[in-house]
Structures are given as C-alpha cells and as structure tokens.
Amino acid sequence: MSQEELEIEIDPSGKVTMRTKGIKGPVCMQYADLLAQIVGREEARERTHEYYETNVHEHVRPTVDVKQHRR
Amino acid sequence: MSSVVVITPLVIAGWPVISAAVTAAVASMGFNVVQSAKVATPVIDRERIRPPAKVDIELDDSEILAGATSDQEIVVEKDGIRATFSRDERGALKLCMEGESYTKQQLRQIGEELVGRGTQQFVYHRVVTELKQRGMSIVQETVGADRTVKLRVRNV
C-alpha cells in the first residue's frame, strides 16, 4: 500500500498548490477543503483518476474547524 | 496521480503576527528593519530639486485585525530604498516604497516582491502550525531555486 501524503508548495507570492498522494476517494477532497480554510480562497481543483478509486482502509478524516475571518 | 487544489492566500491576522512575517521576509531580501519612521534615515535629500520616486502598493486580500497597539508600522531600508508597511484606513496591509535613485517601475517591482515574500512567510507559518495542531507531520521541507517552499506532510 502506498504512503498517504500531501505535497504542498508555497510559491514566492504565497500561492499554495496541494497534491494528495495515495489518498483515494472523496477523503482527498476533505484535505483540499481543510487547506483552503487554512490558507484562503480556492482558485482551482482537479480530480484525477485516483479520486475515483476505492479505498480498502478507513481513513482518519482531517478535522475542519479552522476559524477564518473573511471580509 | 493525485488530486490538485490551488489556493490564493488571504492574509488575515493581528498586527503582531503580520509584522513577524514581514520582518522575517524582508530580512531574507537584505533589508534592515528600522525601529520607527521617526528614526529612519531620511531618503529625501531636501537640497535636491527632484523628489524621490514613491509608489504605494496595497494587498487587497489582507485584513489587519484591530489590536491594542497603535504602533502599526514597520520601516525597512536597503540601498537607498525605504519601504514602510502599515495598516491603511480600510484595515488592509499597505506598503509605501520610496527611493531617490529608482524609477517607479523599479520600486513597484521590488515592493511587490517584498509583499510576496511577506505573504509566503505568513502562509508557511499558518499552514505548518495548523497542520501540526491536527496531528500531521512535516516529513520533508525544501526550498527551490525560485524560493518556492515544498512540504511533504503525513497524517500520522
């Protein structure tokens, strides 16, 4: 089984790109939601074939409870 | 293969958090922090006729939350450039660039890089702090030649 990971890039302007690795199904979208709440405003999201694969194991869901002040 | 999400940062925090990010970021570009605008070395030579170029840059996606301190300004200098970070009347982060030997275009370019570095520092600190609070672990951290920070994170 491949290791589940997030790859996060923060470019010199502060823009963030996150790729999930080894995380199948809708759980990877929960990680995307979490990071969007932490960082700011989501610009784009792409689902690749791994999203549509089924997970054998139950994942520990990330807790999404960030308090973000938005104007 | 993977899922990919791209996120534009919103810089929303109190002045102490933002000033810490700005201070760290400008130091990496060789700027020296001056204690306050009152003790900064004057950029303007009053004897000269031509005033220094001046450019204002506002970070629209920012909000400096109101705090107890009224001293919400950082002045940094390098090579005849003075950059003043402050909170504008709307509460957003504002940068005023001044330099005698520079064009407005040059000042804007340097200013935008300063603002970008500050934003990157703010986002880095926020991401690492929030993920660690959720029990996630940073297993690798690298900085590329273009100064992009790359993190590999696992949910342990």
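Being a predicted model, the structure only gives us computed values, none of them experimental. Numbered from 1 within each chain, the chains take letters A, B, ... in sequence-line order.
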Heavy-atom side-chain proximity of [X] to [Y] below 4.5 angstrom:
X: B/Arg134; Y: B/Glu130; value: yes
X: B/Gln106; Y: B/Thr103; value: yes
X: B/Ile74; Y: B/Thr84; value: no
X: A/Lys21; Y: A/Leu6; value: no
X: B/Leu59; Y: B/Leu95; value: no
X: B/Val149; Y: A/Glu9; value: no
X: A/Glu5; Y: A/Arg19; value: no

Members of residues 20-32 of chain B whose heavy atoms come closer than 4.5 Å to chain A: none

Top contributor to chain A interface from B/Arg152, B/Glu112, B/Gln133 [non-hydrogen pairs under 4.5 Å]: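 The residue among B/Arg152, B/Glu112, B/Gln133 with the greatest pair count is B/Arg152.
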
Side chain, backbone, both or neither of B/Val139 within contact of chain A (heavy atoms, under 4.5 Å):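 Side chain of B/Val139 only, per the 4.5 Å heavy-atom cut-off to chain A.
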
Heavy-atom pairs under 4.5 Å with chain B, option from A/Ile10, A/Val16, A/Thr17, A/Asp11 with the top count: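 Option with the top pair count is A/Ile10.
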
